[in-house]
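Please read the structure below before turning to the comments.
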Protein chains: 2
Amino acid sequence: METVLVIEDDSTMLRGLKDNFEYAGYHVITAVDGEAGLNAALDTKADLIILDIMLPKINGYEICRLIRKEKLDMPIIMLTAKGEESDIVLGLNLGADDYVTKPFSIKELLARVVAFLRRRKQGEKDTYEFADFVFDISARRLLKKGEEIKLSPKEFNLLEFFLKKQGKALTRDEILNVVWGYNTFSGHRSVDRFVTTLRNKIEPEPHNPAFIHTLREVGYKFDPML
Amino acid sequence: METVLVIEDDSTMLRGLKDNFEYAGYHVITAVDGEAGLNAALDTKADLIILDIMLPKINGYEICRLIRKEKLDMPIIMLTAKGEESDIVLGLNLGADDYVTKPFSIKELLARVVAFLRRRKQGEKDTYEFADFVFDISARRLLKKGEEIKLSPKEFNLLEFFLKKQGKALTRDEILNVVWGYNTFSGHRSVDRFVTTLRNKIEPEPHNPAFIHTLREVGYKFDPML
DNA sequence: ACCAAATGTTACCGATTTGTTACCGTTTCA
DNA sequence: TGAAACGGTAACAAATCGGTAACATTTGGT
């Protein structure tokens, strides 16, 4: 059974999280302050950590940093107070994998945890790096030098597909089938249009692409020269 | 039943691969270091090899090279740690057929294996090598000593056809039918024109061709003296 | 229902690719 | 030896393809 460590000082919240995760079939360990949380993280082998930022004794950022310093690579999902963009970036830089802003729905948090552990178990990546970009699937976010670049859903899915198929030629049909779905009625040129918008967002020189290369008569190929 | 040889030192990964491939209906042989792997590759007649690069005793590149040196042509899929383009190029130059970067999804790897064995059964390869060229169909590119040579769509398709029919005399009609399509209106001389441009891109001495030979009154023949 | 964002489609433009022709040298064979 | 056949290839014309702006439509949130 997979183990989730929840570090949270608000006892009502903690109880809610514990109940829900146990109901969903996880083994839950809890800690109510930073010190206990850090010890639990280092001692037990949790598969995933849910970490509040505001904590007595040692704050969440510090815990995050210390865990990573010990070369432990379990996923960490941070709980942050509402929309402080800078806090989020700080947390991610310290090694967190994802964040959820309070107030949040338990259902959403649970969904992220499940998705995370599934990918982890199947050895799928949840982040891809190229040039100075970090593409984070679970957080559905693209960062360039730590700064977020907003992508529409299609743009995100398209880039995700490109990253998963790095170095391979992809036909417009393959792209349509995967990104748009097998029963789409969209035409081939829709792919081109989204490639253009993606290029405008990620290519330093959209006219001389470094990442998304055109293959005439075929389609496209994502190939960041590393 | 088809046999897959998995050479991988991480026992967890090895177990995962073995289970999945057996579940998918393959006979699986395993080896946990380079020496054992090489022996298994040379002794048993595996239909396909999955080869980790980082291995104790003999590394994956070396195994790849030694297998090819013995003129064994089973497909080799390399597992590379990171998307190091140079590693990948090195591997492909040493005779690997495809690569998957860790971490990868078992599903994806399985899909590639299935695709490979299907093509192999039909006698098709995914990459072709001649002199210091590597022609990679799925990445749709031609490398000369690791450097890309740009080909137009027709040039690419023509070279692909030549490579698939290595050593066979091809009439202009056959070439037109396959590369241009059965309902083309193009004339015979178009073939000549593209042969010329191809020669200019790949032949060291276009006037004294080493690869694409003219067969007077017949057509052409691709024949790299190996 | 309204507005804003996202998505899909179309049309035009420019760059590349492709097909054809013409001219030339080479080979073949009488 | 000379004419005919053939392939090599430069040069030009035509077709094709992808980039993208602009517009239309759909979707989602409030």
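Quick note on labels: first sequence line is chain A, next is B, and so on, each numbered from 1.
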Q. Taking CZ from A/F194 and C1' from D/dG19, how many angstroms apart are they, rounded to a whole number?
A. 15 Å
Q: Examine D/dG8: is either OP1 or OP2 under 4.0 Å from a nitrogen or oxygen in the side chain of B/T214? Give yes or no.
A: yes
Q) Which two nucleotides bound the region of DNA chain C that has atoms under 4.0 Å from heavy atoms of chain B, read 5' to 3'? A) C/dT17 to C/dT28
Q | Protein-nucleotide distance (A/H207, atom NE2; D/dG19, atom P), rounded to Å | A | 10 Å
Q.
Restricting to side chain to side chain donor-acceptor pair (under 3.5 Å), what partner residues turn up for B/E2, sequence neighbours left out?
A. none
Q) A/F194 and side-chain contact (heavy atoms from CB on, under 4.5 Å): which partner among A/D192, A/T197, A/V191, A/L198? A) A/T197
Q: Strictly below 4.0 Å, heavy-atom distances to any atom of DNA chain C: list the hits from residues 167-181 of chain B, or just say none.
A: B/W180
**Q.** Sugar-phosphate, base or nothing in reach of A/F156, heavy atoms under 4.0 Å
**A.** nothing
Q) Which atom pair, heavy atoms only, marks the closest approach of B/F156 to B/R141? A) CE1-N, 3.5 Å
Q: Summarise how protein sits on nucleotides 21-30 of chain D as a single string, 5' to 3': B when a protein heavy atom is under 4.0 Å from the base, S for sugar-phosphate-only contact, - for no contact.
A: -B--------
Q) Is the ring centre of A/Y128 less than 6.0 Å from the ring centre of A/F133? A) no
**Q.** Separation of A/C64 SG from A/I7 CD1 (nearest 0.5 Å)
**A.** 9.5 Å
Q) Within the structure shown, what part of the strands sits under 4.0 Å from B/P206 by heavy-atom distance: base, sugar-phosphate, or nothing? A) nothing
Q: Answer with yes or no whether B/R189 presents, from its side chain, a donor or acceptor under 3.5 Å of a partner atom in the base of D/dT9.
A: yes
Q | Side-chain donor/acceptor of A/E62 to backbone N/O of A/N59, under 3.5 Å | A | no
Q. So how far is it from A/K201 NZ to A/L151 CG, rounded to the nearest 0.5 Å?
A. 5.5 Å
Q.
Tell me if a side-chain donor or acceptor on A/D97 pairs with a main-chain N or O of A/I76 at a distance below 3.5 Å.
A. yes
Q.
How many whole angstroms separate atom CD of A/E217 from atom P of D/dT16?
A. 10 Å
Q) Of all heavy-atom pairs between A/K168 and B/S138, which one has the smallest distance, and what is that distance? A) NZ-OG, 2.9 Å
Q: Look at all strands and tell whether B/S190 reaches a base, only sugar-phosphate, or nothing, counting heavy atoms closer than 4.0 Å.
A: base
Q.
Output the rounded distance in Å from NZ (A/K201) to P (D/dG19).
A. 18 Å
Q.
Any side-chain to backbone donor/acceptor pair from A/E205 onto A/H207? Under 3.5 Å, distance only.
A. no
Q | Contact under 4.0 Å: B/Y220 side-chain N or O vs D/dC6 OP1/OP2 | A | no
**Q.** Short side-chain N/O contact from A/R216 to OP1 or OP2 of D/dT16, under 4.0 Å
**A.** no
Q. Please give, in whole Å, the distance from D/dA5 P to B/H188 NE2?
A. 17 Å
(Q) Once side chain to side chain contact (heavy atoms under 4.5 Å, CB included) is applied, do any residues pair with A/P209, and if so which ones, sequence neighbours excluded? (A) A/R199, A/E203
Q: Quick one: list whatever passes ring pair (Phe, Tyr, Trp, His ring centres under 6.0 Å) with B/F222, sequence neighbours left out.
A: B/F130
Q: Give the rounded distance in Å between these two atoms: CG of B/L215 and C1' of D/dA5.
A: 17 Å
Q: Please report, rounded to the nearest Å, how far the P atom of D/dA15 is from the CZ atom of B/F185.
A: 14 Å
Q: Quickly work out the A/I212 CD1 to D/dG19 P distance and round it to whole Å.
A: 10 Å
